[in-house]
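Everything below concerns the one structure shown next.
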Number of protein chains: 2
Amino acid sequence: MMTVNEVSKLTGVSIRTLQYYDTIGLLPPTEYTEAGYRLYDDTAMERLQQILLFKELEFPLKEIKTIIDAPNFDRNKALEQQIELLTMKKEHLENLINFARKIKTTGVNKMDFNVFDTTKMDEYARKAKEQWGETPEYKEYKEKASNQSSDTQKIAWQNLMLIFVEFGKMKDKSPDDEAVQLQVKKLQDYISEHFYKCSKEILKGLGAMYASGGEFTENIDRAAGIGTAVFAAKAIEIYCR
Amino acid sequence: MMTVNEVSKLTGVSIRTLQYYDTIGLLPPTEYTEAGYRLYDDTAMERLQQILLFKELEFPLKEIKTIIDAPNFDRNKALEQQIELLTMKKEHLENLINFARKIKTTGVNKMDFNVFDTTKMDEYARKAKEQWGETPEYKEYKEKASNQSSDTQKIAWQNLMLIFVEFGKMKDKSPDDEAVQLQVKKLQDYISEHFYKCSKEILKGLGAMYASGGEFTENIDRAAGIGTAVFAAKAIEIYCR
DNA sequence: TATTGACTCCTACGTTGCGTAATAGTTTAG
DNA sequence: CTAAACTATTACGCAACGTAGGAGTCAATA
């Protein structure tokens, strides 16, 4: 039988934590002395080992409790689910890192809220559908959109907006300037990678849509400066010739 | 001037959040009506935009406050630091994912606490040093150990232990069995990748150390079953001939 | 004008996993 | 037997809000 101090020293778990695990019923001590001191035996220690194992994998304590208490719990299934969860978190972080890098290089400080609004994205998708109908490109978009988490999607749209921000900073140049044309290519590549294969045909249609004066135009101009949408459309038009 | 409701609908930020940002001083409204209603103007909205931007990058609110309030704050430096932080988190998750995968395949349910104890790791390192002196391998270890975060190191040790767990499950086989020998190679590769280049010479020395009856032997046996250390040492000896 | 419905305010508890006192009783070594 | 070391319980603190409750406000309708 070991006291809290001994258990703590052996396992590295703090005394407070042991007390806490007792109060939440995760790891009740084997018995108490008359004075109320907690005493743990080997069985309790094994349970603690289990707890530490799952805690290491970032399971929340409540889940750990149900997992360990369930007599015939499917360990592997829980592990797989947790792996999935961790993977999603990882991807989220990867997205954020890319986003932060781009923010740094473009030096944005204004960004339209609608860009952050996921519901608007579907609106754009619907508009695109109106223009293109049930083309293979639209199907591809829907597929990618449904496969990827909305989180990944959201950040993809944000990064797309950052490309327009770069357009915004080139407005003093001519639309056929080399740097501007390169930017158009970056746009095309980005769309191809994250939404659907973007041929020059489609890009042309997009350019027209950007400058058509609708919500898309507004959003671009608000995020990247007034006139950016039209400017980008011009550059796109030249690029697609 | 916009009310909380309007701001909320425009930005997707909840009313409660706006109230909260007011109480913590992050985003005080431009003014209050006589009735105490919060009113926001364009300047406040821009500030909110900034806040959302940094929040997206998982900056804590307190930092966001200091960042935005500092008149000549080095944005890029803050972004770089945040990128680093996010990268560390990502690496941690990658480690955990690998750990979880290995746990799943090996089916461990016992793991010695000392394995989780970082302080012991340095002890092993010191022992290794006694055996090898200031060899280039030891220098390599120290370099890798200092470069990698202690977190990554810790999980590397855990995964090393899992390799011994697999040894433990092969104890009924002969040490020169093909599967066992393959396991030795896996051990060698793992050490090479995560600690230092592990030649057969060094591996031989390690094998002797594992079976020498010291703390290392105890830890291996406790984590992977009694007799595992000796068994692994035999297999290693054969492998190194 | 009174009422209704929509909106807003503030207060305050719940969440997660403990850290950190503060106060008081217990055990052990000298 | 006393002091040192250990333990217990209680309870606040943190991060970033969600949620609920009670009450005052605003705009429009009956």
Side-chain angles (χ1 to χ4, degrees), chain A residues 1-41 44 47-48 50-68 82 85-86 89 92 96 116, chain B residues 1-41 44 47-48 50-68 82 85-86 89 92 96 116:
Chain A
M1 289 303 219
M2 306 163 68
T3 69
V4 277
N5 196 1
E6 291 165 336
V7 174
S8 173
K9 275 176 185 156
L10 182 61
T11 65
V13 173
S14 79
I15 294 179
R16 177 68 177 91
T17 300
L18 290 172
Q19 292 173 343
Y20 180 64
Y21 287 177
D22 183 8
T23 63
I24 65 173
L26 179 57
L27 179 66
T30 315
E31 58 171 319
Y32 299 88
T33 68
E34 321 128 32
Y37 283 30
R38 278 165 257 259
L39 294 178
Y40 300 86
D41 67 355
R47 191 181 168 90
L48 179 51
Q50 296 275 345
I51 293 170
L52 291 180
L53 181 62
F54 285 106
K55 199 167 88 87
E56 187 68 24
L57 297 175
E58 296 191 354
F59 279 82
L61 295 186
K62 273 193 183 176
E63 261 182 63
I64 296 179
K65 189 165 145 56
T66 61
I67 286 176
I68 297 184
Q82 194 66 5
L85 203 158
L86 294 173
K89 279 193 190 176
H92 177 67
L96 284 188
F116 292 90
Chain B
M1 291 301 222
M2 308 164 68
T3 69
V4 278
N5 196 2
E6 291 165 335
V7 174
S8 173
K9 274 176 186 157
L10 183 60
T11 66
V13 174
S14 80
I15 294 178
R16 177 67 178 90
T17 300
L18 290 172
Q19 293 174 343
Y20 180 63
Y21 287 177
D22 183 7
T23 62
I24 66 173
L26 179 58
L27 180 67
T30 315
E31 59 171 320
Y32 298 87
T33 69
E34 322 127 34
Y37 283 31
R38 279 165 257 260
L39 293 178
Y40 301 85
D41 67 355
R47 189 182 169 89
L48 180 52
Q50 295 275 347
I51 293 170
L52 291 180
L53 181 61
F54 286 105
K55 198 167 89 86
E56 188 68 23
L57 298 175
E58 297 192 353
F59 278 82
L61 295 186
K62 273 194 182 176
E63 263 182 61
I64 296 180
K65 190 166 147 53
T66 62
I67 285 176
I68 296 184
Q82 194 65 6
L85 204 158
L86 294 173
K89 279 192 189 176
H92 177 69
L96 284 188
F116 291 92

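Residue numbers start from 1 in every chain, and the chains themselves are labelled A, B, ... in the order their sequence lines are given, proteins ahead of strands.
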Task: Among dG19(C), dG17(C), dG18(D), the nucleotide that comes nearest once only the side chain of T17(A) is considered - done: dG19(C)
Open item on the list: Checking the side chain of E56(B) only, and the main-chain atoms of L53(B) only, is there a donor and an acceptor separated by less than 3.5 Å?
Closed with: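 A pair under 3.5 Å: no.
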Open item on the list: Rounded at 0.5 Å granularity, tell me how far NZ in K55(B) sits from CG in L48(B).
Closed with: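 Between K55(B) NZ and L48(B) CG, I get 10.0 Å after rounding to 0.5 Å.
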Task: Spacing of CD1 belonging to I15(A) relative to CD belonging to E6(A), to within rounding of 0.5 Å - done: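 Here the rounded value is 10.5 Å.
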Output the rounded distance in Å from [atom1] ([X]) to [atom2] ([N]).
X: M2(A); N: dT7(D); atom1: CE; atom2: C1'; result: 16 Å
X: N5(A); N: dT28(C); atom1: CG; atom2: P; result: 13 Å
X: E6(B); N: dC7(C); atom1: CD; atom2: P; result: 10 Å
X: E34(B); N: dT8(C); atom1: CD; atom2: C1'; result: 14 Å
X: Y20(A); N: dT9(D); atom1: OH; atom2: C1'; result: 16 Å
X: L61(B); N: dA15(D); atom1: CG; atom2: C1'; result: 8 Å
X: L39(B); N: dC7(C); atom1: CG; atom2: C1'; result: 13 Å
X: L18(A); N: dG17(C); atom1: CG; atom2: C1'; result: 13 Å

Could you go over nucleotides 9-11 of chain C and give all protein N or O partners under 3.5 Å, atom names and distances?
{"unit_1": "dC9(C)", "atom_1": "OP1", "unit_2": "R38(B)", "atom_2": "N", "d": "3.0"}
{"unit_1": "dC9(C)", "atom_1": "OP1", "unit_2": "R38(B)", "atom_2": "NE", "d": "3.0"}
{"unit_1": "dC9(C)", "atom_1": "OP2", "unit_2": "Q19(B)", "atom_2": "NE2", "d": "3.2"}
{"unit_1": "dC10(C)", "atom_1": "OP2", "unit_2": "R38(B)", "atom_2": "NH2", "d": "2.2"}

TODO: Please check the phosphate of dC7(C) (OP1 and OP2 only) for any side-chain N or O of T3(B) closer than 4.0 Å.
DONE: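 So the side chain of T3(B) is outside the cut-off, no N or O lying under 4.0 Å from OP1 or OP2 of dC7(C).
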- [ ] Taking only the side-chain nitrogens and oxygens of Y21(A), find out if one of them lies under 4.0 Å from OP1 or OP2 of dC18(C).
- [x]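 For dC18(C), OP1 or OP2 has a side-chain N or O of Y21(A) closer than 4.0 Å.
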TODO: May I ask you to test the Q19(A)-T23(A) pair for a side-chain heavy-atom distance under 4.5 Å?
DONE: no
- [ ] Answer with base, sugar-phosphate or nothing: what part of the nucleic acid does T33(A) contact at a heavy-atom distance below 4.0 Å?
- [x] nothing
Task: With T17(B) via side-chain hydrogen bond (donor to acceptor under 3.5 Å, both in side chains) - residues at least two apart - done: S14(B)
Open item on the list: For a quick test of reading the model, state the closest non-hydrogen atom pair linking Y20(B) to L61(B) and the distance between them.
Closed with: CE2-CD1, 3.8 Å
